[in-house]
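One structure is given below, encoded as structure tokens.
Order of the sequence lines fixes the chain letters, A, B, ..., with proteins taken first and strands second; residue numbering starts at 1 for each chain.
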Amino acid sequence: MLDIQFIRENPDKVKENNKIRKCHVSVDEILKLDEKRRALISQADEKRAELKAGSKSKPSPDAIKELKALGGEIKKLEEALVPVESELRELLIQLPNMTHESVPEGVDESGNQEIKTWGKKPAFNFDIKDHAELGASLDLIDTERGAKVSGSRFWYLKNDLVMLEFALMQYAATFMRDKGFTPMLPPMLVREPAMFGTGFFPADKNEIYKVNADEDDLYLIGTAEVPLASYHSDETIDIMKEPLKYFAFSSCFRREAGTYGKDTTGIIRGHQFDKIEMFVFCNQEQSWEMHEDMLAISEEFWQSLKIPYHVLLMCSGDIGAPNAKKYDIEGWFPAQNTYRELASCSHDTDFQSRRLNIKYKDGDQSKFVHTLNNTVCAMGRTMIAIMENYQQKDGSIEIPKVLRGYMGGQKKIQA
RNA sequence: GGAGAGGUGGCUGAGUUGGUCGAAAGCGCCGCUCUCGAAAAGCGGUAGGGCCGUAAGGUCCUCGUGGGUUCGAAUCCCACCCUCUCCGCCA
């Protein structure tokens with residue numbers, strides 16, 4: 001959500017931003033409604049002040065007659081205000097965040113800039129398998145029975161792949177704790193305000209599962225970002241010296257509407273996966289540096305797993321509505337001969353904190369916090385990267401050195 | 001799921017026969033006085049937000065949330081949310 005005062009004072013900037021963010025909401029319409037709204041409020045306030053003054057002690061019968069009339073006028077103004085406010089709000093919540101100046105302009109993923117590559121892509125002297133083939137031959141993934149029980153895009157993980165996920169979770173959690181982040185296990189069902197506050201509603205509503213639609217107002221989270229961001233909602237937090245840094249494990253649920261036929265083999269895209277996410281509440285002065293720090297933490301993580309990757313600076317047309325700026329880290333997937341998204345590092349400035357009402361005190365000034373989020377480790381995709389990059393000629397999979405300690409010293413996954 | 005109690009400012013907690021109550025008191029916090037300094041004591045200040053205004057300031061809204069009754073509501077009515085206690089059930 002943008003500050004209405006900012007829009008009032010910088011309509012051209014907002015219009016320009018809408019253009020590069022592919023948003024078609026009319027800024028002029030917003031300004032018109034805003035003006036209407038303020039006029040109505042002023043009128044109503046004036047009359048209400050009159051009414052209040054007149055009602056202080058017991059008024060005479062004559063005075064009551066007048067006050068009654070006044071009350072009617074106020075009611076009329078209030079009724080006129082209702083549609084104006086709801087229309088204004090409807091438009092405001094559709095506006096994307098203001099784009100940071102360092103973000104390249106572009107219409108889709110073709111506009112993203114590769115700003116770094118790391119690691120040597122493995123050279124194989126044998127015919128490599130993709131992760132689905134490896135999963136089948138080593139009895140690690142059962143997609144057929146997943147579909148039988150729950151439908152398409154569901155699966156069972158089995159045997160050493162399960163143990164590998166537990167090892168990864170343990171490794172990633174320890175890694176983040178050692179970086180000074182507070183470990184969390186959040187609720188995976190949230191109410192509507194949490195979804196709205198983080199920006200998933202209204203923009204991505206059709207991506208979200210609603211539970212017991214008629215009975216409960218609960219939604220399955222698509223990422224731990226939602227409960228983490230909402231953790232401090234309606235609070236004033238103390239972050240002038242140090243930001244508040246958290247990481248959380250959660251399962252993630254996504255409807256994947258409109259992805260028919262996309263990534264249908266293996267476990268690259270499913271309705272449910274496990275992920276560890278980091279989330280930071282930061283003051284406005286330190287947040288841009290924090291964003292770079294978070295990217296650096298991610299890079300260190302992938303380097304420790306020795307997964308080749310590159311970093312993309314996402315363009316204006318390919319970032320989500322809450323983002324002011326975003327980096328993606330894409331890992332090398334040898335069987336697809338391409339990079340695929342492993343992590344997404346976003347700076348949302350005060351877009352979420354305005355909706356969630358999270359502030360901090362800077363001296364005697366009250367300001368909205370900046371929120372940042374970044375994937376630590378999405379288990380499924382990470383395991384694909386491990387399986388494919390670490391596969392051996394004999395069909396086995398080597399286990400990355402840093403994970404072996406969490407698997408009782410096991411070095412390989414083999415039949 | 002059944003029965004009951006309750007949600008007031010950073011915290012504790014008054015206020016429920018509707019009328020200068022956005023709200024007593026205490027704690028906490030900030031400032032000043034006293035002191036070489038600190039403590040104690042005394043004095044003063046101390047919620048958030050909208051709108052108008054360069055500002056000073058003015059004005060309105062908010063006592064869980066949303067509606068309603070009334071000239072006037074923290075106080076009355078309705079719906080919802082949350083917390084606590086007891087019973088039942090349960091990983």
Between [M] and [N] - [atom1] atom distance, rounded Å:
{"N": "B:U83", "M": "B:C90", "atom1": "P", "value": "23 Å"}
{"N": "B:G2", "M": "B:G26", "atom1": "C1'", "value": "40 Å"}
{"N": "B:G7", "M": "B:C11", "atom1": "C1'", "value": "15 Å"}
{"N": "B:G67", "M": "B:G58", "atom1": "C1'", "value": "31 Å"}
{"N": "B:U59", "M": "B:G22", "atom1": "C1'", "value": "15 Å"}
{"N": "B:G42", "M": "B:C51", "atom1": "C1'", "value": "41 Å"}
{"N": "B:C63", "M": "B:U12", "atom1": "C1'", "value": "16 Å"}
{"N": "B:C60", "M": "B:U20", "atom1": "P", "value": "15 Å"}

Determine which nucleotide pairs with [N], using a 3.5 Å limit on both distances of a Watson-Crick or G-U wobble pair.
{"N": "B:U54", "result": "none"}
{"N": "B:A3", "result": "B:U85"}
{"N": "B:C63", "result": "none"}
{"N": "B:U46", "result": "B:G28"}
{"N": "B:A14", "result": "none"}
{"N": "B:A91", "result": "none"}
{"N": "B:G22", "result": "none"}
{"N": "B:U69", "result": "none"}

[options]: which one has an atom nearest the side-chain heavy atoms of [X]?
{"X": "A:Arg37", "options": "B:C60, B:G49, B:C51", "value": "B:C51"}
{"X": "A:Asp45", "options": "B:U59, B:C52, B:C82", "value": "B:U59"}
{"X": "A:Ala49", "options": "B:U59, B:C51, B:G48", "value": "B:U59"}

Tell me what [X] touches on the nucleic acid: a base, only sugar-phosphate, or nothing, going by heavy atoms under 4.0 Å.
{"X": "A:Lys75", "answer": "sugar-phosphate"}
{"X": "A:Lys361", "answer": "sugar-phosphate"}
{"X": "A:Leu70", "answer": "nothing"}

Side-chain N,O ([X]) to OP1/OP2 ([N]) below 4.0 Å:
{"X": "A:Lys359", "N": "B:G49", "result": "yes"}
{"X": "A:Arg191", "N": "B:C81", "result": "no"}
{"X": "A:Arg8", "N": "B:C51", "result": "yes"}

Whole angstroms only, please: what is the [atom1]-[atom2] distance between [X] and [N]?
{"X": "A:Gln5", "N": "B:C52", "atom1": "CD", "atom2": "C1'", "answer": "13 Å"}
{"X": "A:Ile64", "N": "B:C71", "atom1": "CD1", "atom2": "P", "answer": "7 Å"}
{"X": "A:Glu35", "N": "B:C51", "atom1": "CD", "atom2": "C1'", "answer": "14 Å"}
{"X": "A:Leu92", "N": "B:G50", "atom1": "CG", "atom2": "P", "answer": "14 Å"}
{"X": "A:Glu85", "N": "B:C51", "atom1": "CD", "atom2": "P", "answer": "10 Å"}
{"X": "A:Ile4", "N": "B:G49", "atom1": "CD1", "atom2": "P", "answer": "17 Å"}
{"X": "A:Ile74", "N": "B:U69", "atom1": "CD1", "atom2": "P", "answer": "14 Å"}
{"X": "A:Lys65", "N": "B:U70", "atom1": "NZ", "atom2": "P", "answer": "17 Å"}

Consider only side-chain N and O atoms of [X] and [Y], and report whether a donor and an acceptor are under 3.5 Å apart.
{"X": "A:Ser250", "Y": "A:Asp274", "result": "no"}
{"X": "A:Arg21", "Y": "A:Thr99", "result": "yes"}
{"X": "A:Tyr246", "Y": "A:His232", "result": "yes"}

Per-pair distances, 0.1 Å, donor-acceptor, side chain in residues 223-231 of chain A, under 3.5 Å, sequence neighbours excluded:
residue	atom	partner	partner atom	Å
A:Thr223	OG1	A:Glu225	N	3.0
A:Thr223	OG1	A:Lys275	NZ	2.8
A:Glu225	OE1	A:Asn373	ND2	3.4
A:Glu225	OE2	A:Gln352	NE2	2.8
A:Ser230	OG	A:Val226	O	2.9

Cut-off 3.5 Å, no hydrogens considered: what does the side-chain donor-acceptor table look like for residues 63-72 of chain A, sequence neighbours left out?
none

(message) Return whichever of A:Leu67 or A:Ser366 has its heavy-atom-nearest nucleotide of RNA chain B closer to the 5' end.
(response) A:Ser366

(request) Assess the pair A:Trp118 and A:Tyr309: is the distance between their ring centroids shorter than 6.0 Å? (result) yes

Is the positively charged end of [X] above the ring of [Y], judged by distance under 6.0 angstrom from the centroid and angle within 45° of the axis?
{"X": "A:Arg89", "Y": "A:Phe196", "answer": "yes"}
{"X": "A:Lys205", "Y": "A:Phe201", "answer": "yes"}
{"X": "A:Arg381", "Y": "A:Phe273", "answer": "no"}

(message) Contact between A:Ile386 and A:Ile307 at the side-chain level, heavy atoms closer than 4.5 Å - yes or no?
(response) yes

(message) Using a 4.0 Å heavy-atom cut-off to protein, can you give one letter per nucleotide of nucleotides 15-23 of chain B, 5' to 3': B if the base is in contact, S if only the sugar-phosphate is, - if neither?
(response) ----BB---

